[in-house]
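Numbered from 1 within each chain, the chains take letters A, B, ... in sequence-line order.
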Amino acid sequence: MAESPRSAPVSVPPRPAAGGIAARAMAARASNLPYLTDLNPEQRAAVETLDGPVLVLAGAGTGKTRVLTTRIAHILNMGRAHPSQILAVTFTNKAAREMKERVGMMVGAVAEGMPWMGTFHSIGVKILRRHAEMVGLKSDFTILDTDDQIRVLKQLVEAEGLDDKRWPARVLAMLIDGWKNRGLTPEQVPAGEAASFGNGKGKKLYTAYQERLKTLNAADFGDLLLECIRLFRQNPDVLKQYQQRFRFILVDEYQDTNVAQYLWLRLLSQNVPSTSPQAAAQPSPLAGEGGSPEQSEGEPDEGFELADTFDMPASTDPSPAFAADAAQAPSPARGEESAQAALPSASQTHQKNICCVGDDDQSIYGWRGAEVDNILRFDHDFPGAKVVRLERNYRSTGHILAAASALIAHNEGRLGKTLRTEDELGEKVQVTGAWDSEEEARAIGEEIEQMQREARDRGEDHPLDEVAILVRASFQMREFEDRFIQLGMPYRVIGGPRFYERAEIRDALAYLRVVAQPADDLAFERIVNTPKRGLGDAALQMLHDYARKNKVPLTEAARALSATDEMKPKPRTALRTLMESFGRWAKQKETLPHNELAEIILDESGYTEMWQKDRSADAAGRLENLKELVRSMEEFENLQGFLEHISLVMDRDSADNEQAVSIMTLHSAKGLEFDTVFLPGWEEGLFPHQRSLDDQGRAGLEEERRLAHVGITRARKRAKIYFAANRRIHGLWSSNVPSRFLDELPEEHVEVKEAAGGTGGFGMSGYGPSRFDEMGSFGSTYSTPGWQRAQQRRGKGGFSDSGAPRYVPDGVFDQDSDAYADDDAASSPPPLSERGGRAQSAGRLAPKRAPLTIEGELIAKSTGASSSFKVGDRVFHQKFGNGNVVNVDGNKLTIAFDKAGEKRVVDSFVERV
DNA sequence: TCCATGGACATTTTT
DNA sequence: TGTCCATGGA
């Protein structure tokens, strides 16, 4: 594909003077590079503007990743930097991985030698480990995740004598996270803000927490950046090394950066002041060798050793400007402003080649500290910045793009882009009203099957992988899961707890952590009584007391105490046994492969057994996860390497090859695209979410609108929006007004439909408050023509072609969903979705079943080929756990679950145990 | 140690 | 409504 640098030796000359022969030669060569000719002019500008700050405003689907990766390839290919001189940061591991892969494809193995491509956090760790001592850590420090963090904080809160009911540790954790996101150390937190927690003890607790982390030789996620910033500020020479090293900086999703990340980037992106211009311009010794890329194998960072930095004066503050830090923020509520104001004026420093790519219209993480301001202010922060707008969308068809653009145009305070496409108009954005969330799910299920049927009639395929349901809040997912289980529609829920956040994984890791690092008190604490060994609070308290008195880790305290008779015999024996086990494992660590060791530990500790004995529904899944964990260890060289990576880099594996509909939140959909996107739940209160409106006012509304924009722009060919007039929230039915966003969609790009199942009686009397009763509060909002058209259709629907009426004539809503499930399959006509769907998808989904249908009428609901399950079979279901089959009806099983009671499910969702 | 009970809680999520 | 948590009794 792209020209490999092998053919062009990577050397790093000083920047060619303008007009120089080398420059002209380079330019000539660049003009016909194959990877450039594929780009549109804007993309090309973004790739080729190598010098000075560049902001690439990349709208949805405009080839953002492509620009980033091509730019890296171009830098390398032009010989402007060695791979190890490029800093490329992303937010997620996924994005980093994708970038690595794509650069690798363009440039070959050189990408392997890009040690500074990764997430903010992973690069932060890398830097911190090299200079850990300078910030009071050892280089093998542990990275704490949220769970550990809260446990530490809880202890501190209790030590302060605060009621942890009234002052929950998790709230404090959130506060501290927020402060760290804003780049605030304990001293810098605005006093009023810190005082709001724990009767004014917020600041004290934050300070104590930081101290405790140092004692534990640990850093939390926020520290990975904050401590880096502190390191840089206190050790100008360290900073200088990195400034010299990173000749090019690239940042992905710049609109999501928080203040700490911004500060971090700012520090790194300043070129070293004129004191050493040579150093700035000259390649680093290694890169200057002009060697072939292969030389970059191994550690390409010679001449950059820790030792070099140790004799630096740590006390002098390099940048007086920083001294005025955010602590004395004039506006406490937004301390970040002051933090930024404290930066040296950008014009005083020579800006380096930093390229930030982002889209202000896709900033949806304000609530977790992202500062849209960072991107809005870019050219102010980086004077002389070149701004490139990517506005040509390669993803969505015309109507979809137009609708999304019109929607986002309602936001103020944006940099403004106009997305355009040269694609056909395609389908209009469909807006469908449903009576309630169940009907919404039903209608969407049917529509998916309908699409598959139609595709099949055309001899095509509508793969389920190309269908996504994007919800605002995760509770909405349930309805779809329930429905799809009934339909036998394969689905995949994306999001939820990550693999390494699961309790069983964390427990297992804790064992490994103690073996690897006996001083890891947190890990030890976690598993000392898991599985139950009779080492309860009393025993733990004793350990703590001893450990504190003698200033030793808990494991040492345990060893000492189990040898004395201070403890009662029972816990003492238990403790001794445990400590002996740890001693044994520690020895085995030296001889056994680490995955084998892990297996031994899990078995001998009784941990595996604990779950084997557990009768709850998810026990089987947990054991499976443990196996997966052990399996995944093979990929790492040793235990340390594994532990090092797991907290930062380990992703949930989704090596799921089966075609399935994706169900996820709008937030987790960012960056993805699908042919067909369903967007349910567009109701006031849910979307835009009330809480967002209440807490953030107009800013909140705008962020919600951006979320809507993100949602629509995920779609390539079909975007289908739904709203439900009634939704059960916290068990109570509430009637909802359709989302204001619906009326912000231009009519000419929208098609208003009624729910496929018919919404008989929508808006008619009898069913509690009609939506129209509530419209007054929004005044004329819903008097738009499109909206009225939608209203007119409402009365006409019926139950004509699908599904049994779910609302009995007297207006009482039957909430027994199990009853419906039974109706569907047994007594009354099943919804349309259960007729053709199976048949058309037979090839892939369920080869053995082919219901006979004529014109959508179900003739034989029990299909010829029967299920391979028999009454009495013991089965396991992902959601409901274990149970016994009590009835078989075609592919539908009635199962008496041990925990969940009797349910009807499609047999492909269960497996025999 | 296990189980029952009651209360609080119920956006969005990465590292 | 339903889930998760802490608490307290057996």
Side-chain angles (χ1 to χ4, degrees), chain A residues 89-96 118-125 143-149 154 163-166 168-171 174 177 180-181 219-226 252-253 256-258 260-261 363-370 437 470-478 494-498 500-501 503 529-537 570 610 613-616 645-652 664-671 681 685-696 700 703-704 706-708 710-711 727-734 815 817 900:
Chain A
V89 275
T90 63
F91 275 85
T92 63
N93 292 306
K94 196 174 157 214
T119 61
F120 277 100
H121 296 266
S122 64
I123 289 170
V125 181
I143 299 161
L144 299 192
D145 63 17
T146 321
D147 219 73
D148 297 321
Q149 203 183 339
K154 192 167 182 173
D163 179 8
D164 78 338
K165 273 254 174 58
R166 190 143 154 243
R170 58 174 49 255
V171 171
M174 278 169 51
D177 264 358
K180 289 186 174 178
N181 282 159
D220 65 18
F221 286 123
D223 283 343
L224 300 182
L225 288 163
L226 198 54
D252 191 17
E253 306 277 19
D256 287 339
T257 48
N258 59 37
Q261 286 154 342
S363 162
I364 55 175
Y365 285 112
W367 51 272
R368 72 175 192 211
S437 53
L470 310 183
V471 297
R472 171 67 244 263
S474 43
F475 75 84
Q476 294 172 260
M477 293 179 175
R478 233 188 107 148
I494 302 192
R498 315 194 81 63
Y500 57 83
E501 275 171 5
N529 200 28
T530 312
K532 299 274 186 285
R533 308 188 164 88
L535 295 169
D537 286 346
K570 235 186 186 168
M610 178 182 104
K613 281 191 188 147
D614 194 299
R615 306 268 295 139
S616 62
H645 270 83
I646 191 131
S647 49
L648 270 183
V649 193
M650 180 123 170
D651 268 348
R652 213 169 358 151
M664 66 185 100
T665 62
L666 286 159
H667 282 93
S668 39
K670 195 170 77 156
L686 178 59
F687 193 34
H689 201 281
Q690 194 55 48
R691 191 91 161 245
S692 200
L693 265 37
D694 291 347
D695 297 353
Q696 313 282 329
E703 185 154 308
E704 295 284 301
R706 291 193 289 267
L707 201 49
V710 166
R727 192 175 288 279
R728 198 162 37 175
I729 295 173
H730 313 326
L732 294 172
W733 284 94
S734 69
Q815 299 179 7
S817 60

Would you mind calling dT12(B) syn or anti? Take O4'-C1'-N9-C4 for purines or O4'-C1'-N1-C2 for pyrimidines, and syn is within 90° of 0. anti
Atom [atom1] of [X] and atom [atom2] of [N]: how far apart are they, to the nearest Å?
{"X": "Leu707(A)", "N": "dT12(B)", "atom1": "CG", "atom2": "P", "value": "11 Å"}
{"X": "Asp177(A)", "N": "dT12(B)", "atom1": "CG", "atom2": "C1'", "value": "15 Å"}
{"X": "Asn258(A)", "N": "dT13(B)", "atom1": "CG", "atom2": "P", "value": "18 Å"}
{"X": "Asp537(A)", "N": "dT1(B)", "atom1": "CG", "atom2": "P", "value": "11 Å"}
{"X": "Glu253(A)", "N": "dT14(B)", "atom1": "CD", "atom2": "P", "value": "13 Å"}
{"X": "Tyr365(A)", "N": "dT14(B)", "atom1": "OH", "atom2": "P", "value": "6 Å"}
{"X": "Gln149(A)", "N": "dT13(B)", "atom1": "CD", "atom2": "C1'", "value": "14 Å"}
{"X": "His667(A)", "N": "dT11(B)", "atom1": "NE2", "atom2": "P", "value": "13 Å"}

With a non-hydrogen cut-off below 4.0 angstrom, is [X] in contact with a base, only sugar-phosphate, or nothing?
{"X": "Gln476(A)", "result": "nothing"}
{"X": "Glu704(A)", "result": "base"}
{"X": "Ser474(A)", "result": "sugar-phosphate"}
{"X": "Gly534(A)", "result": "sugar-phosphate"}

Are any of the side-chain heavy atoms of [X] and [Y] separated by less than 4.5 Å?
{"X": "Lys180(A)", "Y": "Asp220(A)", "value": "yes"}
{"X": "Asp177(A)", "Y": "Phe221(A)", "value": "no"}
{"X": "Leu470(A)", "Y": "Met664(A)", "value": "yes"}

Here's a test of your reading of the structure: between Phe91(A) and Glu703(A), which maps to the more 5' nucleotide of DNA chain B? Glu703(A)
Whether Phe221(A) stacks on the six-membered ring of dT14(B) base, 5.5 Å and 30° limits: no
Stacking check His689(A) vs dT11(B) (5.5 Å / 30 deg): yes
Counting only side-chain N and O atoms of Arg498(A), is one of them less than 4.0 Å from OP1 or OP2 of dT15(B)? yes
Thr119(A) has its side chain closest, among dT13(B), dA10(B), dT15(B), to dT15(B)
Taking the minimum atom-to-atom distance to the side chain of Asn93(A), which one of dT15(B), dT1(B), dT13(B) wins? dT15(B)
Indicate yes or no: does Lys670(A) engage Asp256(A) in a salt bridge with an N to O separation below 4.0 Å. yes
Please produce a list of atom pairs where a protein N or O lies less than 3.5 Å from an N or O of nucleotides 2-10 of chain C.
unit_1: dT3(C); atom_1: OP1; unit_2: Arg478(A); atom_2: NH1; d: 3.0

P atoms of dT12(B) and dC5(C), separation to the nearest Å: 15 Å
When the P atoms of dT11(B) and dC4(C) are considered, how many whole Å apart are they? 15 Å
Angle between ring planes, Tyr365(A) versus His667(A), binned at 30° and 60°: parallel, tilted or perpendicular? tilted
Looking at Gln696(A), Arg472(A), His689(A), which hits side chain to side chain donor-acceptor pair (under 3.5 Å) with Glu704(A)? Arg472(A)
Excluding sequence neighbours, so at least two apart, what forms side chain to side chain contact (heavy atoms under 4.5 Å, CB included) with Ala96(A)? Thr90(A)
From OG1 (Thr665(A)) to CZ (Phe475(A)), nearest 0.5 Å: 12.5 Å
